[in-house]
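See below for the structure under consideration.
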Amino acid sequence: MHILLIEDDPFIARAVTAALESEAHVVSYAASGREGLTEIAVRLPDAVLLDLGLPGMDGIDVLKTIRSKPEPISSLPVIVVTARESLDARLEGLDAGADDYILKPFHMSELIARLRAVMRRKGPLANEVLRHGKLSLNTVTHLCTKGSESVTLSKREYALLVALMTRPGAILSKRMIEEKLYAPGEEPEGNAIEYLIHALRNKIGRETIENIRGLGWRMRKEED
Ligand code: CA
């Protein structure tokens, strides 16, 4: 998943980015509220982690701005990150639309668990286990199985398969896949996506992923 972190403390930002990347998420980073709102407008992330104490535009105002935008921005999952001492004063603001909040200092495992819970409530990952024919993919343990065989996936193969299996009928274009799998400034080489699709097909079955010429790829419709 693509997660936007809006946080002005570079030390926290680095730690959170590393923890989320180790969970196969793609993280983009904004050091101010305005930068964060621009990032949301340009590349709609799947979820936002929002620090409240930001320079310039306050985190609560960022949250209110997100909620005042049209869909799908207004319903973006947002987890607020705040220091305990400033929580009471801000509870009212949180009612303005945070999906959850987490107190600083926090353990990365707690942050990841909260994020998972929020995503589960809001979708599109309605289930922890995504299924397609004989293929199953557990988004908590990252285990992939095909029938009774287990399939070992690289971090990017895993992220690609989650993107494909989350919306089984939808066609993902090359650009959509790049945006889900690569952080800004980390642009993939020319045929990287095609190579990745090829590698994934070799592992889960060539017929599983269908190429729609000129448009992109999707999971092949299951035969009844
Ligand atoms: Ca801060």
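Every number for a ligand or one of its atoms is a count from 1 in the order of the listing.
Because the distance cut-off is set at 3.0 Å, G53 qualifies as a neighbour of the Ca ion (ligand 1) through one of its N, O or S atoms. Among the atoms of D51, an N, O or S atom falls under 3.0 Å from the Ca ion (ligand 1). D9 lies apart from the Ca ion (ligand 1) in this respect, since none of its N, O or S atoms is found at a distance under 3.0 Å.
Remark: of the listed residues V27, I102, V16, V16 is the sole one forming a side chain to side chain contact (heavy atoms under 4.5 Å, CB included) with L49. Tested against H25, the residues V162, D46, I3 include a single side chain to side chain contact (heavy atoms under 4.5 Å, CB included) partner, I3.
For the pair R201/T208, no side-chain contact is recorded, criterion being any heavy-atom separation below 4.5 Å from C-beta on.
Using a 4.0 Å cut-off between a side-chain N of Lys or Arg and a carboxylate O of Asp or Glu, D99 and R67 qualify as a salt bridge.
Between the Ca ion (ligand 1) and the N, O or S atoms of D8, the shortest distance is to OD1.
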